[in-house]
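The structure under discussion appears below in the form of structure tokens.
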Amino acid sequence: MNPVEARWLALEADLADYLSRKGVVPSCRAGCFACCFGLVTLSRLEGEALLPHLTEAQRARLREEGPKRLALLKEGKDDPRFPSRFFRERRPCPLLEGGLCGVYPFRPLACRGLLTAGDPAFCQPEAQAPEGHFLQTPWRMAHRRMEALWEEEGQRYGFAVIGELAGLLYLLLEGLPETREEVEDLLEALGVLGGRWGFQVVEYPLP
């Protein structure tokens, strides 16, 4: 099993244990996909683990949508309101198929950690979700594993590449350069490096 896939399964086990101990039953169900309109953070290592599971149709959609996401990031990466504005525009994840995640068993850590036990109607982009609508502990559990994966990626490559899901998968499909300098040059040329919401290239070990 791919080490990244092992991390996905480990998070699922930890979440199931936590929810069981707390007696919390998520209201998330198949066909409830409002969260699939949001920005999703992905690392290169997760993206590389996901690529072999993509169908040709999914790859084609990523090649179509990826440049559009990168263009949006170029315009909005410094805008504090960009994620909420993007969410309200209801741009579906290119891996969403008929209201269902087309890669559900292989979905990223960020997707796995976003849960609610409240009314799913409050997950909609136009809704004003009450405080605490999204469960904080599952999200923190997922984020800790994301950070561990970024460090693992840094140890493997000498640096980690972190960015928006569709844009990063598109770049991986097209072929990401090997060195940190080349990656940074590419992202800089695309206008998506840095800023508040743009791609991050993190050198390891951390200073």
Side-chain angles (χ1 to χ4, degrees), residues 8 11-12 14-43 46-47 50 57-58 61-62 64-147 162-170 192 195-200:
W8 290 337
L11 176 61
E12 289 294 312
D14 287 350
L15 289 174
D17 177 66
Y18 168 78
L19 294 170
S20 176
R21 286 187 290 104
K22 295 297 184 179
V24 176
V25 180
S27 52
C28 309
R29 295 290 183 271
C32 175
F33 56 87
C35 55
C36 301
F37 295 124
L39 291 172
V40 175
T41 299
L42 189 75
S43 67
E46 270 199 288
L50 179 54
Q58 290 167 344
R61 289 199 299 274
L62 283 165
E64 179 181 355
E65 180 66 18
K68 298 177 184 177
R69 296 289 179 100
L70 294 173
L72 289 170
L73 273 177
K74 180 180 179 180
E75 294 178 2
K77 66 185 179 73
D78 296 308
D79 181 359
R81 299 166 297 177
F82 177 63
S84 58
R85 179 162 53 84
F86 180 91
F87 187 47
R88 289 195 300 270
E89 290 175 356
R90 288 179 168 268
R91 295 177 179 271
C93 173
L95 302 178
L96 187 66
E97 300 173 341
L100 299 172
C101 177
V103 293
Y104 189 79
F106 314 106
R107 66 199 187 284
L109 292 166
C111 300
R112 296 170 190 265
L114 189 60
L115 298 171
T116 182
D119 185 347
F122 286 115
C123 299
Q124 295 296 326
E126 65 276 7
Q128 296 293 324
E131 186 176 352
H133 176 70
F134 295 103
L135 301 175
Q136 293 301 305
T137 297
W139 173 248
R140 287 195 293 267
M141 293 167 67
H143 201 271
R144 282 197 297 270
R145 289 192 179 273
M146 290 165 66
E147 291 176 332
I162 305 160
E164 187 274 329
L165 179 144
L168 182 50
L169 286 175
Y170 164 74
V192 298
R196 190 161 183 171
W197 310 109
F199 279 64
Q200 305 297 322

Locate the shortest heavy-atom distance separating [X] from [Y]; write the atom from each residue and the value.
X	Y	value
P80	P83	O-CD, 3.8 Å
R61	P94	NE-O, 2.7 Å
F106	W8	O-CH2, 3.3 Å
P26	L19	CG-CD1, 3.6 Å
A127	A121	CB-O, 3.5 Å
L42	G47	CD2-CA, 3.8 Å

Does any part of the side chain of C101, heavy atoms only, come nearer than 4.5 Å to the side chain of F33, both counted from C-beta? no
With a 4.5 Å cut-off on side-chain heavy atoms, are R21 and D17 touching? yes
To the nearest 0.5 Å, tell me how far [X] [atom1] sits from [Y] [atom2].
X	Y	atom1	atom2	result
F87	E126	CZ	CD	8.5 Å
R145	L11	CZ	CG	5.5 Å
L39	R91	CG	CZ	10.5 Å
M146	W139	CE	CH2	5.0 Å
F199	T41	CZ	OG1	10.0 Å
S43	L168	OG	CG	7.5 Å

What orientation do H133 and F122 show, parallel under 30°, tilted 30 to 60°, or perpendicular over 60°? perpendicular
Counting only N and O atoms by type, is there a donor-acceptor contact under 3.5 Å from the side chain of [X] to the main-chain atoms of [Y]?
X	Y	value
W197	D79	yes
R112	R107	yes
S27	D119	no
Q136	F134	yes
R69	G167	no

For V24, the option from L135, T137, T116 that meets side-chain contact (heavy atoms from CB on, under 4.5 Å): L135
Does [X] [atom1] have over 12 foreign heavy atoms under 6.0 Å away?
X	atom1	value
K77	NZ	yes
R81	CZ	no
Q128	CD	no

Report yes or no: is the cationic atom of R85 (NZ for Lys, CZ for Arg) closer than 6.0 Å to the six-membered ring centre of F82, at no more than 45° off its axis? no
